[in-house]
2 protein chains.
Amino acid sequence: MSYQAPLRDMRFVMHELFDISAHCQTLGNGLERELVDDVLEEAARYASEVVAPLNRNSDEQGASLVDGQVTTPDGFSEAYRQYVDNGWASMTGPADFGGQALPQLLACNFHEMLMGASLSFRIYSGLTEGAVLALNVHGSEELKQAYLHKLVSGEWTGTMCLTEPQAGTDLALLRTKAEPQTDGSYRVSGNKIFISGGEQDLSENIVHLVLARLPDAPAGVKGISLLLVPKFIANADGSLGQRNALSCGALEHKMGIKGAATCVMNFDGATGWLVGEANQGLAGMFTMMNDARFQVGLQGLGIAEAAYQGALRYARERLQSRALTGPAAPEKAADPIIVHPDVRRMLLTQKTLVEGSRMLAAYTARLLDLEHGHPDAAARKAAGKRVALLIPIVKAFFTDMGQEVASHAVQVYGGHGYIREWGIEQLMRDSRITQLYEGTNGIQALDYIRRKLLGDGGQQLAELCDEFTQLCAAQAQRPALQAMATTVQARFVECGELTAQVIAACKRDPQEIGACSVDFLQYCAYVLLAGFWLQAAARAQDQLDAGDTDAEFYQAKLHSANFYLQRILPRASMHREALLGGADCLMAMPEASFAF
Amino acid sequence: MSYQAPLRDMRFVMHELFDISAHCQTLGNGLERELVDDVLEEAARYASEVVAPLNRNSDEQGASLVDGQVTTPDGFSEAYRQYVDNGWASMTGPADFGGQALPQLLACNFHEMLMGASLSFRIYSGLTEGAVLALNVHGSEELKQAYLHKLVSGEWTGTMCLTEPQAGTDLALLRTKAEPQTDGSYRVSGNKIFISGGEQDLSENIVHLVLARLPDAPAGVKGISLLLVPKFIANADGSLGQRNALSCGALEHKMGIKGAATCVMNFDGATGWLVGEANQGLAGMFTMMNDARFQVGLQGLGIAEAAYQGALRYARERLQSRALTGPAAPEKAADPIIVHPDVRRMLLTQKTLVEGSRMLAAYTARLLDLEHGHPDAAARKAAGKRVALLIPIVKAFFTDMGQEVASHAVQVYGGHGYIREWGIEQLMRDSRITQLYEGTNGIQALDYIRRKLLGDGGQQLAELCDEFTQLCAAQAQRPALQAMATTVQARFVECGELTAQVIAACKRDPQEIGACSVDFLQYCAYVLLAGFWLQAAARAQDQLDAGDTDAEFYQAKLHSANFYLQRILPRASMHREALLGGADCLMAMPEASFAF
């Protein structure tokens, strides 16, 4: 499958909606529009010309393990070399350690492209940035000096070693041990599963961030520590030292992302060092996890874009049947299937979910930049709160969306969508993991309700709704946008009321937290996207009013916004009705009766 | 993955809801309850002990093609021999040709079991029954005598050869030719793709039913003929004769159903005979297709049941985290995940979609029996009309449902759901084909609106709604069921109003047909299932009122009905709102603008 980066839409979002130049000035990091666009075009070339062509074969060939060595699919090694050599690895890394410190508002576009070009390939590098973040925030100066430069450059990669067979969602059940040694290091022993890129042939070293328990650790999640356990121990000067006592015991056989090595990792008294304080490992892990969850959201988005492109290409080429109103292409044997309303329904569902999500991704990326880089501490804190609210939505909604959009693509292809050679069914298989890892989407929804909503009594969500309500009120004054603005405004008002009901219900009965979580997250996501679509429509209308020469692009934004409100936003009604059904109808059934 | 036939629920549906004994009397085919139950238990044993154990390996091993010969996965051949020897193949076959002529109301349960045990295995036999039907209705006496006995017994299998590379949905584009010979036979030449079981090593002969054009045929679908083209030409006594000029050129590489050989079939001047009149091939094909679409619906149902069983087993065994209200199993390291409301939400979604669909399947099977076997011609015709209305719903809704339920199962398993060894992701991959073949679900929805709804001005749907409205009115009198009955009744009233709106819109603008089709089919399906859930609840309440000793089973039905109405039925609201969005928002976007 070919992949073309959606540059026009990315520029619209970065420049026209979120004014990346002004954003960079706020961050104290001057970045001209031309440079932004140049970076984006080079990124697009790398993603579409270097990475995308590897994806189909990577699925057939897979990653393989022989005598403890992993071989990645053909071409991954060379593409990864370019990734490092051309500075793509260091885009967002801290300047102190050789990084380019470019904003997430720019980088998120490149990362989306990588996901769309080849999720399997991106997985090998995707956790390094999070490892850099965690190490930079929580690591000792010695560890930083020894490991960060090469992690930032991408010469070394990072992994995240959480899961054990008995401990997935529930980290309290972790058994991996870390025993203190007299030299300040720890001996780490245990078995981890589902470790993405735990072993590979792309980078010269692999730095594992491992959750483990110290001998005297309290039970549960308050007794978990984070350790850096490298494949090769770095010398003080950052050169490669001794091989550590850890190994890849097996690769998982998976539904998709077959080019990505998903490893069983055995730590056999491997040498490691604490990152952060003893028993405070979850803090470090969550620093990494927030980045990882945002990245996984981008995986859903990237795959969705790729799936939409495939479906659109096929729908314009495939000739079957005639339009309901008579032949549209009478000179051909049949009409291209894009003339059929139901095919258009699928395509526009894809397009508006993808573009709507891209706006939310950029909005969140911008806040991530502000959280980490705004000169004012209060602004950093405020941005951080909003990021915390949005991360579970980005992770869960985008990945559910990615799976849906990939499935629509298969459907547009008809029977051919089921055939591997076309590359479309691979997107469904690849994207399915994104709903599961870095916390299942059910866990995201629990986090959203429990920590993010109940954590502040709904204040952050209320503020966000208020901002959109103001946008609606302003746009409702414009005749061309009045109908749309009114529709969206009604939803934000409804959202405020529903939030109050949800909070009250959860306070009354803790079971309601889990009973409404997924539906409420989805409800909020659809309403938020409606807000962004109104924002896009407003901007498009501005340009049309100003006589912009790119009128077709802006007109398409108006059509898309209208489609989203008419055809997609009704999903919010369903989620609202369903969650108002409450917990009783979930909890009343005795466990044994499920088996009838 | 193990599979256990849901015998208790099947008995509930067959005996308690649809009184199969009385049904058989109507058909003039006395069948005692004990015999029905015995058949079902034997069927369950065959499905769970003989077929299900083959499924996991069949996915890894796949079907293979060497020198034109297909090898099916290990064990398929022996399991198929039992299928024939023990009379499973001939269950529904006509008595005149050695069949047992058992009702579909019984057989649909067996077929659901086969789908749940191994879709790949079932595919090899799944089209034979349709071929028997088409041949029995449309074939000449000579063809019937030569081919039907062994097709009915299962010694020979049937296929359906429609699709060509340029002709999928659009059969008007068919190019395969059939040239008349002086002996009354035809020489058939052309290439067909996506032919399930086009070649295999299970049966001694394969009888292809092929769509082709005669030399003087009019263009389009009015110029298509149906031909019987056997792998080996049968002698007059039914023994195997000459090998015909047809071959399997390749097997497709697919997302799933890897154990099923999906063949490219080349007909190189093969000898065939007309089934039915020249240029009337679609009639014969639709006889077969209606059966095939019902069977594909059962595929969705069977896989969904298997997925639910897997998810339930895992949810009761997997220990992660504590219940929101405090430890439920304090003696264990964590609670089984079935205590979590969101896991219950997924399980109950699966359970109520599966059981609701099973009621609609049985209802449709009963009508199929009446259509073909009622002694009164008017009753046969009336049943046939309702079957015609329901087939696209059964096909499209059940298969979308199957995919959803399989995906929920993966989600319940968390990361483990993505690992092939567990067998759960295979269900997602296997079931994905069911939304595509025998007419994509979009095509089912078009058929539903265009032929089934607009074809009679909505009369058949109105009558069906009326029957359920009467059920609602009666049950609303019972205090225990009043709330449920009122909810369901409101939906059937709404359905009537919506139907009128849909018909009016489609008459005004043909684009509305395709613009509302999928949403309207889904809307109707969810409302119909609500009707069946009320019927189940009514029956359960009867038994509880009568002091039945199986109270837990009936109580579970009431819980399930309530869950369905509270948590699933809101989907109808979404589909209604979305389709009322109309066609304009689909058609307004210029084709070129999709690419922005």
Side-chain angles (χ1 to χ4, degrees), chain A residues 8 168-170 173 194 252-255 312 320-321 324-325 333-334 338 340-342 344-345 347-348 411 414-415 418-420 425 432-433 436-437 440 442 510-511 513-515 517-518 552-553 556 559 562-563 566-567 570-571 573-574 577-578 581 583 585-586 588-589 591 593-596, chain B residues 8 168-170 173 194 252-255 312 320-321 324-325 333-334 338 340-342 344-345 347-348 411 414-415 418-420 425 432-433 436-437 440 442 510-511 513-515 517-518 552-553 556 559 562-563 566-567 570-571 573-574 577-578 581 583 585-586 588-589 591 593-596:
Chain A
R8 179 66 185 91
T169 293
D170 190 355
L173 303 176
F194 300 165
E252 303 288 354
H253 305 108
K254 308 185 298 291
M255 183 185 197
L312 177 58
Q320 290 287 282
S321 304
L324 289 159
T325 46
I338 197 171
H340 304 307
D342 188 55
R344 287 178 156 249
R345 180 187 61 82
L347 293 172
L348 285 166
Q411 202 66 23
Y418 200 67
I419 306 300
R420 291 219 301 270
E425 59 82 38
R432 190 63 185 80
I433 188 61
L436 299 167
Y437 63 12
T440 66
Q511 301 285 23
I513 297 170
S517 51
V518 164
E552 286 173 10
F553 175 81
H559 288 315
N562 185 43
F563 173 86
Q566 299 283 336
R567 288 282 182 154
R571 297 181 186 188
S573 302
M574 167 186 72
E577 268 186 61
C585 64
L586 299 174
M589 180 89 80
E591 186 193 315
S593 297
F594 279 82
F596 285 131
Chain B
R8 180 65 186 92
T169 293
D170 189 354
L173 303 176
F194 300 164
E252 303 287 355
H253 304 108
K254 309 184 299 290
M255 182 184 198
L312 177 58
Q320 290 289 281
S321 306
L324 289 159
T325 47
I338 197 171
H340 304 308
D342 188 55
R344 287 178 156 248
R345 180 187 61 82
L347 292 172
L348 285 165
Q411 203 66 22
Y418 201 66
I419 306 300
R420 291 218 301 271
E425 58 82 38
R432 189 63 185 81
I433 188 60
L436 300 166
Y437 63 12
T440 66
Q511 301 286 24
I513 296 170
S517 51
V518 164
E552 286 172 11
F553 175 82
H559 288 315
N562 185 44
F563 173 86
Q566 300 283 336
R567 288 281 184 156
R571 298 182 185 187
S573 302
M574 166 186 72
E577 268 187 62
C585 64
L586 300 173
M589 180 88 80
E591 185 192 316
S593 297
F594 279 82
F596 285 132

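Reminder, nothing fancy here: chain letters follow the sequence lines and each chain counts from 1. Fair warning: this is a prediction, and the values are worked out from it, not measured in the lab.
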Return the option, out of [options], with the maximum number of heavy-atom pairs under 4.5 Å with chain B.
options                                : result
A:Cys585, A:Ala556, A:Gly168, A:Gly581 : A:Cys585
A:Leu348, A:Thr169, A:Leu347           : A:Leu348
A:Arg8, A:Lys254, A:Arg571, A:Glu252   : A:Lys254
A:His559, A:Arg432, A:Gln566, A:Met589 : A:Arg432
A:Ser573, A:Gly514, A:Ala595, A:Pro570 : A:Pro570
A:Glu577, A:Met255, A:Glu552           : A:Met255

For a 4.5 angstrom cut-off between non-hydrogen side-chain atoms, does [X] reach [Y]?
X        : Y        : value
A:Gln411 : B:Leu436 : yes
B:Gln511 : A:Thr325 : yes
B:Arg420 : B:Glu425 : yes

* Atom of A:Ala334, atom of B:Asp170 and distance for their closest heavy-atom approach ->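 Between these two residues, the closest heavy atoms are CB-OD2, 3.8 Å.
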* **Heavy-atom pair of closest approach, residues A:Leu586 and B:Arg344** =>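 Smallest interatomic distance, heavy atoms only, reads O-NH1, 2.8 Å.
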* Report the distance from atom CZ of A:Phe594 to atom CD1 of B:Ile338, rounding to the nearest 0.5 Å. =>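 So the CZ of A:Phe594 and the CD1 of B:Ile338 are separated by 4.5 Å.
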* From A:Tyr418 atom OH to B:Phe194 atom CZ, the distance as rounded to the nearest 0.5 Å ->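 The CZ atom of B:Phe194 is 11.5 Å from OH of A:Tyr418, to the nearest 0.5 Å.
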Of the backbone (N, CA, C, O) and the side chain (C-beta and beyond), which part of [X] lies under 4.5 Å from a heavy atom of chain B, both, or neither?
X        : value
A:Leu173 : side chain
A:His253 : both
A:Phe553 : both
A:Ile433 : both

* **Sequence-distant partners of B:Arg567, salt bridge (charged side-chain N to carboxylate O under 4.0 Å, His left out), two or more places apart** =>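 Listed in chain order: A:Asp519.
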* Asked: Looking at B:Val518, B:Ile513, B:Thr440, which makes the most heavy-atom pairs under 4.5 Å with chain A?
  ->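 That would be B:Val518.
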* To do: Name the option with the most non-hydrogen atom pairs under 4.5 Å to chain A; the candidates are B:Ser517, B:Ala578, B:Ser593.
  =>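 Sorted descending by pairs with chain A, the first entry is B:Ala578.
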